[in-house]
Amino acid sequence: MDTPVVKKKLGLKERYTAMTRGLAWDTTYQPMDKVFPYDRYEGIKIHDWDKWEDPFRLTMDAYWKYQGEKEKKLYAVIEAFAQNNGQLGVTDARYINALKLFIQGVTPLEYAAHRGFAHVGRHFTGAGARVAAQMQSIDELRHFQTETHAISHYNKYFNGIHNSAEWYQRVWYLSVPKSFFEDAMSAGPFEFLTAVSFSFEYVLTNLLFVPFMSGAAHNGDLSTVTFGFSAQSDESRHMTLGIECIKFMLEQDPDNVPIVQRWIDKWFWRGYRLLTLVAMMQDYMLPKRVMSWKEAWEMYAEENGGALFRDLARYGIREPAGWKEACEGKDHISHQAWNTFYNYAAAAPFHTWVPNDDEMTWLSQKYPDSFDRLYRPRLEHFRTEQQHGRRFYNTTLPMLCTTCQIPMVFTEPGDPTRICYRQSTYLGDKYHFCSDGCKHVFDGEPEKYVQSWLPVHQIYQGHCFKEGTDPTREGFDPLAAVLDWYGINVGRDNFDFEGSEDQKNFAAWRGSATANADSKNPAGDTA
Amino acid sequence: MQADHTGTEATRSKVFIAFQDNEESRAVIEAVLADNTEATAAYAPGLVKIDCPGRLVIRRESIEEITGQPYNLQQIQINLVTLSGHVNEDDDEFSLSWGR
């Protein structure tokens, strides 16, 4: 009998090589350039795709194993949450408005990322990059699904969660995240990776998924913290992919350095503007707060991003243009954004409110240089007006920034009392911007941004009414017609939290949760 | 921020890793704190964040000594929340560092 041959088990690195690089081949009956038409036209020079490394070295078999375990854990929590009426255990119904923003503005981005990575995963000539992008595409689809499943439980009990897919296409502030991803997806594959894997995932997603999700835990929302952390554990792979693809481009050819720097400048600024929503969620929408936006910015952007850019200095990469302005903005953007949504709460499918006294004290402590001086007086004025039955709703339409699509509400660097306005002229038309950063992005590719779908312009052009609407008829109410086109239930999804159906229902349900009320009919309705 | 030509400032920048604050993470956190003398742990609701200047290493053997069970380092994926720095991973060690 032959001596049995002991098969040597492959180590992690060898196994990864065997399971990825071996999957590629050069085409023979069609030229490679024709099969892979996209990965050269941006000017990025790649000499050796085999130098690409996916640092986590996760092969498909291991990927399914660990992702499967994560899913089991997550769905066990979601199931328990639903069975135990977990929605009654959150701190306050105001908190749910953060989830509304999440399902409206963040979850659709997961789907867009899934599409984007499926596209670039098909189009890179290098096998390592293709495998990494395809796994990420599956991750992003998973995030879209788990977030939708987890938040759909809240949709049974609260308003403003029933129509997020259509809102993402139509509602004014959702054009901000939508335009970010459409800009990235309509760029070339290397710019897409710089935009999403590097600038968004590496430099900025920690700010979204870590303190906000920790905040969900703090506010008793176990299902959200679990989907958040489950998604974020995938993000940590995506972040390493982001660094890897930047280093790969920089190491392949010195000609790539200025191209990559230009993309870093552009996408850092676009990502920073997009995260304004998160700043506001953290400072104003979590009844129990974990850390301020400013503290999160210092921890994840200044300290972590700072370390990253010190590291990239050896390639000749500097910190992104606009970095200084973004750091200055940590004292202001959450307040400026909340003020804007407070103003436009008639036209948004979630509720806003003036923070209570305790919350204002917290904001003063966290923002000693800006809150009491600049933002408290305005909030106190709003509160007085509201208490006298004069809750203010702005019904005019703001000028939007052509690049980030946010209303032009941000202030001048160095002077937070003056609104920042910039403009450029292109082919005889004037375009408006909220900042030097956004103007700079436009000036780099005006032919792209003149095509922006700007909600306010579209409303004025009559494109945001239901078919058959006659804006010339007497007594025509344009706001009502736009809200009708959005599919917003006026009086339920919008206006102030104070007096809302969400507020009344939650109080009634909570009452029944701690007393011997009829759980099927907690409000005691007799109808 | 200054461009750093010597590499020392960059390589001493902090790296971090954060885990869900649960029973499965406990042994990993204990091992990391024992193996990296400069590492510090900060607890926030639901998560533990470990910062370390320069380099942080997670060793399979140290986790196995604590739990008495075999451990595959790729299992950290399940309870991982986030990290920072360049990753280097093989069957025995998972490390994070700057300046690679």
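Quick note on labels: first sequence line is chain A, next is B, and so on, each numbered from 1.
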Measuring only between side-chain heavy atoms, which start at C-beta, is [X] closer than 4.5 Å to [Y]?
| X | Y | answer |
| --- | --- | --- |
| B/T82 | A/E235 | no |
| B/N72 | A/Y66 | yes |
| A/K247 | B/H86 | yes |

Quick check for you: to the nearest 0.5 Å, what is the distance between [X] atom [atom1] and [Y] atom [atom2]?
| X | Y | atom1 | atom2 | value |
| --- | --- | --- | --- | --- |
| B/I78 | A/S230 | CD1 | OG | 10.0 Å |
| A/K65 | B/Q74 | NZ | CD | 9.5 Å |
| A/N304 | B/S13 | CG | OG | 9.5 Å |

For [X] and [Y], which heavy atoms make the closest approach, and how far apart are they?
| X | Y | value |
| --- | --- | --- |
| B/V81 | A/Q232 | O-CG, 2.7 Å |
| A/F229 | B/G46 | CE1-O, 3.4 Å |
| B/G85 | A/I243 | O-CD1, 4.1 Å |
| A/A307 | B/W98 | CB-NE1, 3.5 Å |

Quick check for you: among [options], which has the greatest number of heavy-atom pairs under 4.5 Å with chain B?
| options | result |
| --- | --- |
| A/V225, A/L222, A/V210, A/D234 | A/V210 |
| A/M213, A/Q67, A/M239 | A/M239 |
| A/T226, A/T240, A/N206 | A/N206 |
| A/P211, A/S233, A/G316, A/A62 | A/S233 |

- A/S214 side-chain N/O to B/P45 backbone N/O, donor-acceptor pair under 3.5 Å: yes
- Item | Expected output: side-chain B/D91 to main-chain A/L12 donor-acceptor under 3.5 Å | yes
- Region of A/F209 in contact with chain B, defined by heavy-atom distances below 4.5 Å: neither
- So, the part of B/D92 with a heavy atom under 4.5 Å from chain A: the answer is neither
- B/F19, part contacting chain A, at a heavy-atom distance under 4.5 Å: neither
State whether the number of non-hydrogen atoms from other residues, nucleotides or ligands found under 6.0 Å of [X] atom [atom1] is greater than 12.
| X | atom1 | result |
| --- | --- | --- |
| A/K13 | NZ | yes |
| A/E328 | CD | yes |
| B/K14 | NZ | no |

- Task: For a side chain to side chain contact (heavy atoms under 4.5 Å, CB included) with A/S236, tell me which candidate from B/I76, B/V87, B/I17, B/L80 qualifies.
- Result: B/L80
- May I ask you to check if B/K49 and A/Y300 form a cation-pi contact, with NZ or CZ under 6.0 angstrom from the six-membered ring centre and within 45° of the axis? yes
- Message: Is it the case that the side chains of A/K73 and B/N79 hold a donor-acceptor pair, with the cut-off being a distance below 3.5 Å and no angle test?
- Response: yes
